[in-house]
There are 2 protein chains.
Amino acid sequence: MTRQSGPARRTPLNRDRVLRAAVALADRSGNEGFSMRSLAHELSVVPMALYKHVANKEQLLDGMVDVIVGEIGPPVGDADWKSAIRHRILSARRVLLRHPWASRVIESRTSPTPGVLDYLNSIIGVFRAGGLSADLTHHAMHALGGRVWGFTQELFPAPPVPAPADAHPQAPAAMLGEMATRYPHIVEIVLARQHDSGSVVGQGCDDQFEFEFALDLLLDGFERLHRQGWTSAERC
Amino acid sequence: MTRQSGPARRTPLNRDRVLRAAVALADRSGNEGFSMRSLAHELSVVPMALYKHVANKEQLLDGMVDVIVGEIGPPVGDADWKSAIRHRILSARRVLLRHPWASRVIESRTSPTPGVLDYLNSIIGVFRAGGLSADLTHHAMHALGGRVWGFTQELFPAPPVPAPADAHPQAPAAMLGEMATRYPHIVEIVLARQHDSGSVVGQGCDDQFEFEFALDLLLDGFERLHRQGWTSAERC
DNA sequence: ACCTGAACACCGTTCAAGT
DNA sequence: ACCTGAACACCGTTCAAGT
């Protein structure tokens with residue numbers, strides 16, 4: 001009846017099966033119950049078997065993030081950029097609500113993964129297509145911060161320099177070229193920032209600018225609503 | 001010469017010394033290098049000695065958060081609420097920049113500590129003194145999210161129901177009374193929300209409202225700047 | 001090529017015991 | 001009252017070995 005008569009020899013593991021099982025386990029047991037060892041147990045395998053498919057736990061978490069980023073719907077073809085961005089972000093929020101462990105894991109990532117870069121690139125593309133300057137788009141992305149993900153968190157914890165998927169590392173110039181073809185909108189707004197400020201010095205200054213930019217947008221918004229006598233009368 | 005001639009018997013531990021040493025150690029070695037065991041080693045003491053002064057690691061982290069919240073300056077007596085709030089938040093940001101481990105620890109707290117509640121209460125007080133309604137202030141606090149802390153993070157991960165400092169738990173009504181005298185502004189805006197929505201149902205609905213409120217404030221702000229031809233010409 | 005077993009260097013926390 | 005020592009139930013990850 002069965003094709004194999006020995007002990008329960010499952011279909012051999014591969015990276016995809018590991019990642020999907022990891023997401024399912026995290027969905028069920030949360031971040032506390034999730035470990036390399038519990039995932040291995042889930043797959044009826046010894047912990048070390050996982051290390052043939054992911055380099056370590058960090059890379060496993062990166063892969064899990066990319067799995068759920070893939071669940072975010074593609075950009076809708078809305079007429080105006082504002083509602084297009086709005087729908088995209090609310091779609092990301094729905095994904096995050098389905099995977100409550102994910103926001104914390106995304107926060108803890110130290111450098112962005114390809115799926116994350118694709119997603120950011122596409123959002124930036126909507127802003128640019130709507131006519132916003134690279135400069136304004138740059139600050140808008142920072143101001144949105146983690147809201148782009150469906151939760152609230154600082155964007156770009158580290159400069160977006162992902163390790164190339166290729167075997168041996170490339171020269172910086174070649175890497176930038178590859179980035180520019182794969183994530184043109186990201187490269188554009190990053191370069192726009194460096195062009196504006198003239199050099200790479202003043203990273204702390206830039207951070208401070210982004211923080212105050214978002215803070216003042218919100219405070220100005222509160223003031224405007226206050227003067228208009230705004231209330232949240234009926235919601236939802 | 002010394003008052004004690006035996007082996008290096010330090011001044012006995014107490015909660016304050018433990019907390020201050022913990023903050024210093026986290027400042028030096030970051031979140032990864034910080035553990036109950038490394039802290040004990042730092043204090044020349046066996047790990048279990050710490051458990052006479054803090055119940056567990058979570059409570060230790062709570063205490064560390066309160067230590068650095070205490071470093072945030074008091075409210076400045078600015079004329080208008082907007083610059084008063086602005087200065088307070090930028091002061092919190094400076095504290096967080098001095099303690100890079102703190103944002104992650106604050107994010108991971110499961111319920112707010114007294115020092116945190118004092119801080120939030122005082123910010124809300126500034127909004128209210130400026131004439132903003134309890135309703136608008138409530139949504140403003142959510143929209144600011146972790147920016148109130150000097151970083152970007154969702155506020156109120158859990159409803160603000162701290163364990164009473166007293167020995168035996170109190171009835172809910174009495175606890176609310178105590179909250180109301182200690183954190184009057186917090187209680188006011190929490191009650192304002194419940195009054196508006198009529199009941200406690202629809203928590204998810206409320207979360208969705210807060211998320212869209214902040215998102216739309218930002219998107220409207222971007223649109224306004226775009227129409228004005230805003231650029232970040234000279235910064236800092 | 002893929003998986004295993006034993007081991008290492010860590011965690012937070014318990015319990016019973018020391019002074 | 002305050003601290004200790006040994007132990008428990010966990011981690012992520014290494015290495016050398018199995019099939």
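All chains are named by letter (A, B, ...) in the order of the sequence lines, taking the proteins before the strands, and each is independently numbered beginning at 1.
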Item to check | Distance in angstrom units between B:Leu43 CG and D:dC3 P, rounded | outcome: 10 Å
Checklist entry - CZ of B:Phe34 versus C1' of C:dC11: gap in Å, rounded? => result 13 Å
Next on the checklist: Rounding to an integer number of Å, can you tell me how far A:Met36 CE sits from C:dC10 P?
Outcome noted: 19 Å
Next on the checklist: Please name the nucleotide paired to C:dA16 by Watson-Crick or G-U wobble geometry with both distances under 3.5 Å, or report none.
Outcome noted: D:dT4
Item to check | Pair B:Phe209 and B:His142, ring centroids less than 6.0 Å apart | outcome: no
Next on the checklist: Please pick, from C:dC3, D:dG12, C:dT13, the nucleotide with the shortest atom-to-atom distance to any side-chain atom of A:Ser35.
Outcome noted: D:dG12
Next on the checklist: Nearest whole Å is fine: how far is D:dC10 C1' from A:Glu32 CD?
Outcome noted: 15 Å
Next on the checklist: Using heavy-atom distances to pick each residue's nearest nucleotide on DNA chain C, tell me which of B:Glu58 and B:Lys52 is more 5'.
Outcome noted: B:Glu58
Checklist outcome for this item: Contacts of B:Arg37 and B:Pro47 projected onto DNA chain D by closest heavy atom; the upstream (5') one is B:Pro47
Checklist entry - Distance check: side-chain N/O of B:His53 vs OP1/OP2 of D:dC2, anything under 4.0 Å? => result no
Checklist entry - Considering only D:dT13, C:dG5, C:dG12, which nucleotide approaches the side chain of B:Tyr51 most closely? => result C:dG12
Checklist entry - Do the side-chain N and O atoms of A:Asp66 and A:Thr113 include a donor-acceptor pair separated by under 3.5 angstrom? => result yes
Item to check | Sidechain N-carboxylate O distance under 4.0 Å for A:Arg37, A:Glu42 | outcome: no
Checklist outcome for this item: Rounded to whole Å, CG of A:Leu39 lies from P of D:dC10 at a distance of 17 Å
Item to check | Nucleotide of C:dC11, D:dT4, C:dC3 approaching B:Ala49 most closely (side-chain heavy atoms) | outcome: D:dT4
Next on the checklist: Distance check needed: D:dG12 C1' versus A:Met48 CE, whole Å only.
Outcome noted: 10 Å
Checklist entry - Taking CG from B:Leu50 and P from C:dT13, how many angstroms apart are they, rounded to a whole number? => result 11 Å
Item to check | Side-chain ion pair, B:Glu212 and A:Arg86, N-O less than 4.0 Å | outcome: yes
Item to check | Atom-pair distance (NE2 on A:His41; C1' on D:dA9), nearest Å | outcome: 15 Å
Next on the checklist: What's B:Lys57 touching, base or sugar-phosphate or nothing? Going by heavy atoms closer than 4.0 Å.
Outcome noted: sugar-phosphate
Item to check | Residues A:Glu71 and A:Arg98 bridged, charged N to O under 4.0 Å | outcome: yes
